[in-house]
Amino acid sequence: MSAFRLNLRDGVGTNLSDKSISFSFDGKSYRGIEGDTLASALLANGLSIIGRSFKYHRPRGVFTAGSEEPNALVTLHSGGRTEPNIRATEVELFEGLVARSQNRRPSVNFDLMAVNQLAGKAFSAGFYYKTFMGPALRGHKATRFWWVCEQFIRRAAGLGRGTTIPDPDHYARMNAFCDILVVGSGAAGLAAARRVAASGVRVIVCEESARAGGALASSPDFIDGEPAREWSADQIAELSAMDNVSILTRTTVQGYFDDNTFFAIERVTDHLAHKDRTVPRQRAWNIRAKSAVIATGALERPMVFAGNDRPGIMLADSARRYAVEFGTAPGRAVAVFTNNDTGWLAARDLAKAGVIVTAIVDVRTDIEASIRVLGEECRATIHSGSAIRSVKGMRGVNGIVIATYNELTGELGADSKTIACDCVAVSGGWSPAFHLTSQQGGKPVWDTELQAFLPGDPLQKWHGAGAMAGEFGLAQAFRSGEEAALKALADTGVAMPKQAAKIGSGPDIDGDEIDYAPAPVFEINSGGKSFVDLQHDVTAEDVRLAHREGFVSVEHLKRYTTLGMATDQGKTSNVTGLAIMAAASNKPIADTGTTRFRPPYTPVAMGAIAGEKYGHLAAERLTPMHDIHVESGAGMYANGPWMRPETYNLPGETVEQAYIRETKAVRAGVGIVDVSTLGKIDVQGPDAAEFLNRVYTNGFAKLPVGKARYGLMLREDGFLFDDGTTWRFDEHRYLMTTTTAGAGRVMEHLEYYRDFVWPDLKVALASVSDEWAGVAVAGPKSRELLKVCVKKCDVSDKGLPFMGLVDGVIADIPVKIARLSFSGELAFEVYCGAHWGSALWHALMSAGRKLDVVPYGLEALSTLRIEKGHVAGPELNGRTTPHDLGLSGMVSSKKNFVGSVLLQRETFSKQDRLQLVAVKSLDGQRIRGGSHLVAGSKDEPGISQGHTTSTCFSPELGCYISLALLEGGYKRHGEKLFATNPVRDAHVAIEVLSHHMVDPEGGRMRG
Amino acid sequence: MRYSAFAILKNALRGNRDWVPAWRKPEPRSTYDVIIVGGGGHGLSTAFYLASVHGITNVAVIEKGYLGSGNVGRNTTIVRSNYRLTPNSGFYEKSMELWRELSHALNYNVMFSPRGVLNLAHTPGQMDTHAERGNQMRLMGVQSELLDRDQVARLNPGLDVSGSARFPVHGGLLQPDAGNARHDAVAWGYARAADQLGVDILENTEVVGFLKDGERIAGVEVMRNGEPMEIRAAKTAVAVAGNTGRVMKMAGVDKLPIETTVLQAFVSESIKPIIPTVTTFGAGHLYVSQSDKGGLVFGGNIDYYNSYAQRGNLPVWEEVTGELIAMFPAFARLRLLRCWGGVMDMSMDGSPIIATGPLPGMYLNAGWCYGGFKATPASGWCFAHTIANDKAHRLNEAFTLERFKDGNPIDELGAGPTPWYH
Amino acid sequence: MRLTCPYCGPRDHQEFTYRGDATAARPALDNTSVDDHNAYVYDRSNPDGLHRELWNHTSGCRTHMIVERNTVTHDVVSCEPVGPFAEQLK
Amino acid sequence: MANLAEKLSPLHELAMPRSGSDKIILSERLCDSLVQVQAWPDSVGEVEKLINGTRGKRSVMPTGPGRWLIDDPAEGLEDKLRKKIGAELGAVTGLTHARVVVSISGEKATWVLASGIALDFDLSAFPTGTTQVGHHHEIGLTIHRTGENSFDLYVFTSLVRSFWQWIEKASAEPGFSVV
């Protein structure tokens, strides 16, 4: 293996096994070790340029060792599994992994788009807003220039390339409930988890990385005499064994929502070479916690200096972790640049792992002796009171030029010294990772002592612990973890025995004691190109330009420069950017404020958020006769949640031919149609009649037992809400039917009045839509058909008059038969228990065989009712009143009902309202759906005077017809207009008719 | 300073040191002709058109936070005029007309990108309602095309148009000249242009009360840098979107036909161009487009409850991503980067209010629901006309406050007086 | 958001149907004043702060409740049952 | 009633009682009688007594204030109850055909249910013998816990196929497989 792989031994390569793995990057094969991340394996193989930046396409290398990585973005896998923009630092290596660099052409080492750098000064913040306007021409021409430029800009922008091949994997969800959620399993999280677990409450611990322990995994410290890593492994094993504790690794808590609802993503199979297909790729956890301990640690931030984006420059603690956890040297010779003590710890650990640390450059002059010793331990030259002036090398680091630095003025001295190195490990201090609490609206507070934002006061039940709360260092982490645990327990209401409620002394810690507060140095301004946001190429100069142009509020800074808007959401750049803006504005950072963090914490696969909905967007509702329709060759389509038959096509038949044949068969003989989808509501109680009387426009109090009545419902604003028939079974028991689409909302409407408006009425409402299968039997021969099969009841006109109800039996199935007609023909609706629905259908079909019964679908159902002038969904469009649809006769003036008062408003009686009419085609042309009624020619149609609502070919009238809403339509019967349909390229001469086209007297259905 | 490619080059050569603030940060005067409460898109465009069209330049725009901190910077940037009802189609087409020339009018590239807005249809019935709307658009002079399934598939290669989809695509309605614009640039462009015409933009200035001369509104009381002060004007206009209830209460208007709810918006990580148009799902509620930066920008329903919180909850995430990947199953592996919330002034019919009143000396611009961004130019244009003439323009004469009680709602969805369903 | 259904206990808010401002009370059945009905249907105080609103546990026991909730913080102060069984559920 | 036609479950071709392991077992059945009873606020006690007096072998499940869902192993319960509980006491609604019962058992039963249903299945929150009304996405469910690791789910008939597809898929991970 390459020179970058260290000599693996105790304490070096703690994350690695001894198993070698092969993987590929940009088509070339490499080897890594089980336990590597893609980033550590690439570094170990000596690859330094991993990606290209967003704007200038500058070469970039690995900058961090975690989910905050801005630079090392790659595309994984291929085909439908293609995943762009994945951070190499987060990818666990497995055998056969295929990764590619992105945002480069032709290769990551030579990218033509890097010419953008040459125009760097012109590509400053706000560049796009100031140009590309093109010549000032009228109308569309004015935008055309930008439209052309935009095509190129869009292609140059973007990062990786997505795919249009569907993702073959699946996703799942888990709903979890716990007393306490612990986010993060480092020292603070572990301490909290131990404490709360002991009290017996239900605990969930979420850990972002593959194994629990957080920073303990690479800590050089000893706890209770054991190396921290081993100690934490023991603790975790103990916790895992407890019944009341779940530890979820590879699980990132992404969102913190109201009432302590947390959203986490578990990466279930992403790290596996061989995936079990029954196992989901990722699982979304919706966790409801009574309280939470948030121990998400802190993110190291860099300092900004000229040339700070070169491959080979990375965060100091990340460099340390590559050596300790992954046995990988981040460079052959590492220079450390820091403004705080943790940079020195990194240097010491790097050296201990076998990495050459050539120099430690610290902006501070005054450095504790105990810290200096660390530098001496690693035999680095020490340059205190110094800073980097520039970086040598174009595609990597050859060395750094340093100069003396004045901490008070922020100025570099005139001196300079060159230090040879190929890696700069930089530490600019630590930013607590309080993203989750900020999502909740908690306002962060700037801590001048720690030079960091802290989470601020909780708005919900959470308690911060460890570095996230500004409690840096192991001992503080343990103590704050325990404290947070006790507060969280108090939230859950679990009583703690006094003894147990004491904070213990915690484990015995043997380790470095350092000061975590950095010097307040964020930028070394030496005039060269210094990057604040590495991924979006936002420079310190861009921040100052934004200030110059008045974009000084943090939100303006972010939006104008795009600082913090890249895929890392500024995890390593926000604070530095604010500090530079604060300096430019001559304001303290505290007054500048910070932007709000928004969920998710890190980018989340959208399939995982959808969870089990991927591939199952919505449940399908099927009627009991569904399989029969499918077997009969009916074309099924989604009608809201329901699947319904459109037509039962014979071989070679079009949909239009089929519905015309079905309609004719009904009008001439008999047909049956599945009406099981109608909403059905059981209305019972001593006040049921009164209740119905209040919700319908027409009278229901006097509906006789054994009869049905058609009713209209309004909204309170007087517009039509729904319609249907209601059947009275006995004195106090009704069955209300609603439209298919209206079933749910009618139920809620009724419940609202029953519960909130008239709670004194004794009315019970129950949805029975699923209890009953319904079949309408329609046509002049429908009674004949029923007579063949019905037993135990009389279906003659006398026994079952129009709107009458009877109980009977068909093929041993108890049925209810109502004599209702939607088609205008003699017709019956036959209802039976849903589990008998298919048997009923078969019985009716076989009873009708000699009568040539046909099954008919929605298209014929619709044609029949259009011919009859019955309104349905397209006419009940939420903007029509009973008066508009010719239903004034249904509105009782003798009672008050829902909507009765506002229906009186003057506007509703205006004569020029859109009113229901029918229109018929005069020249045989088809009236297509969605036509408007106009007076003019195809080329100059004039304004719309109305529109068609439901169109069909009418076999009865022998022409195309439509119901329509026409301005003042009632008085315009006989008028000739055009049904214009420019989007369907049609313009049809029509005549306006009454909407009662077929059998207006109703003789047929009453016959 | 006039913006141009030349100006950029010239400044670049001088190290970008000569740029000046895009708009001034003036101290308030004690009296203005017009005060506009709300420094969002609508307030700023109103100021611009008052100054540029009506010659009224003694105008203050008062913004409690940073300029454009409300919905103008939180929306999904869609610009369209594909409406069904006449008052809406006329008004929004005026907006389109202004959008097309906006970058020039403002000397600021608002990146208006007419890439097309496509509404999918999933049943034959939905094709008919789309046709009905498309025809209305044509009759009103708006471009529209009804596409069949194959045409939709050619336009959007990743779209699932298979028959096995839960809601198979039958076709769609395309407004080819609709599209997107860069939301922040709209606020900044209007601010800069209005400022150059003499309008004072007062940021970080919060209205805490209204001044009255008898019944008449005579200006506002504000807090600025922690200090109270009074600013007087003959005309006081309010354009504060989700904060309408809050602000109007200070003027003594306790109730309005508006409820404030939160709408979440989402953006994915950046990828190379993959969807060319703005596309909406017809079997649920979802709209998606791809920004110039490469992120998929999308949104869906509001969270159904009153909220001023500018953040929402998880169920909408699940609903919206579920619909997005039902349309584009290949996007299941793309990653959501960020979600944010804006507060919507949902009116009782889903349509806006641009009117004089409700008190003398006052003008109200509100009720934008989801639709405020695309309306920005026409809203300001009509509101400026209404303020200048004390009378609505023909284009906004239907957008009154009285229409609800008069029984003349402009209800595109027919959902009735339930604001959270619009 | 979690709401405590008086019958079922705490549940995710998406199990409930929001029905808006609970202070908007329908005029009595015999009240035929257009103004009163207009006020009930259209006038909303839309407060930023405590809001009394009606929810129905439609994916559960279908009990209606009045929720007092802060519209700025989403803090739920109380969930009180309404309807015929309000007394029994209190 | 005798001589009734045979009922057909929407799952008749899908749901055979089967199991890939003892971790998860799924089965389905139709009810002989499933009845909802709604009492009035002033008659809750009385109705409860009458229900208990009529009780067969299966379950009486409270599903709302003054409301029960009663699953009885004999046909004809609706009529029986209606005779006892008149309109002055409450309402009786037959739901025998409105639901299909999906039973799930095995040590992974709560795990499978929790993967789609936002209820706390911990025994402390959901004891054996109790009922919760919940939903899996838009599918409403009455969930009756029959044992530590066994549940009867009363699923709307029109939606039960969709529900079955989900639960079968969700059960695959812990080992349920279609034979």
Side-chain angles (χ1 to χ4, degrees), chain A residues 170 172-177 202 276-280 283 286 288 611-613 616 618-624 626-627 641-642 676-677 682-686 688 730-733 759 762-773 811-814 832-840 843, chain D residues 1-10 13 30 36 38-42 67 82 86-88 90-100 111 113-122 124-125 136-140 156-163 165-166 169-170 172-177:
Chain A
H170 72 276
R173 189 177 312 283
M174 185 54 71
N175 290 287
F177 295 79
R202 288 195 282 165
D276 176 352
R277 291 271 73 94
T278 64
V279 177
R283 189 185 332 270
N286 296 13
R288 295 88 176 162
E612 74 288 7
K613 277 194 172 185
H616 295 263
E620 283 177 355
R621 288 188 85 171
L622 307 178
T623 76
H626 178 82
D627 292 347
W642 289 100
S676 307
T677 61
D682 179 50
V683 184
Q684 295 190 44
D730 63 35
E731 183 66 17
H732 300 300
R733 197 152 64 92
K762 279 185 176 169
V763 186
L765 302 164
S767 166
V768 289
S769 299
D770 281 29
E771 174 70 8
W772 300 101
D812 289 342
I813 302 162
C832 70
H835 300 320
W836 290 314
S838 55
L840 175 68
Chain D
M1 267 186 267
N3 298 327
L4 289 184
E6 199 181 332
K7 293 183 213 154
L8 189 64
S9 163
E13 282 179 347
L30 300 181
Q36 175 175 297
Q38 172 72 63
W40 310 127
D42 55 13
R67 189 163 72 234
R82 186 165 294 123
E88 68 288 350
V92 176
T93 307
L95 294 175
T96 305
H97 296 260
R99 305 285 188 277
V100 174
W111 190 92
L113 292 177
S115 73
I117 302 166
L119 283 174
D120 188 350
F121 287 97
D122 193 80
S124 63
H136 167 260
H137 291 303
E138 59 269 65
I139 304 175
F156 284 89
T157 301
S158 64
L159 289 158
V160 72
R161 259 197 215 171
S162 265
F163 181 77
Q165 283 162 4
W166 165 73
K169 191 170 169 187
E173 190 182 346
F176 178 86
S177 60

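Per chain, numbering begins at 1; letters A, B, ... match sequence-line order.
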- Give a yes or no on whether a salt bridge exists between A:K762 and D:D42, defined as a side-chain N under 4.0 angstrom from a carboxylate O. yes
- Note on the structure: Applying a strict 4.5 Å limit to non-hydrogen atoms, the region of A:T623 in contact with chain D is neither
- Task: Can you sort out the partners of A:D730 under salt bridge (Lys or Arg N to Asp or Glu O under 4.0 Å), two or more places apart, ordered by chain and number?
- Result: A:R733
- Charged N to carboxylate O under 4.0 angstrom, A:D770 versus D:R99? no
- Item | Contact class of A:A618 relative to chain D, heavy atoms under 4.5 angstrom | both
- Region of D:L8 in contact with chain A, defined by heavy-atom distances below 4.5 Å: both
- Item | Residue part contacting chain A, namely of D:V160, when any heavy atom lies under 4.5 Å | neither
- Message: At a 4.5 Å cut-off on heavy atoms, which part of D:W166 comes close to chain A: side chain, backbone, both, or neither?
- Response: side chain
- What residue, out of A:H732, A:E731, A:E620, has the most heavy-atom pairs lying under 4.5 Å from chain D? A:E620
- Smallest heavy-atom separation, D:T96 atom then A:H835 atom, equals O-NE2, 3.6 Å
- May I ask you to decide whether A:R277 forms a salt bridge with D:E173, counting only side-chain N to carboxylate O separations under 4.0 Å? no
- Task: To the nearest 0.5 Å, tell me how far D:H136 NE2 sits from A:N175 CG.
- Result: 9.0 Å
- Message: If you count heavy-atom pairs within less than 4.5 Å of chain A, which of D:V100, D:I139, D:T93, D:L113 leads?
- Response: D:T93
- Message: I need the minimum non-hydrogen distance between D:A5 and A:W836, along with the two atoms involved.
- Response: O-NE1, 2.7 Å
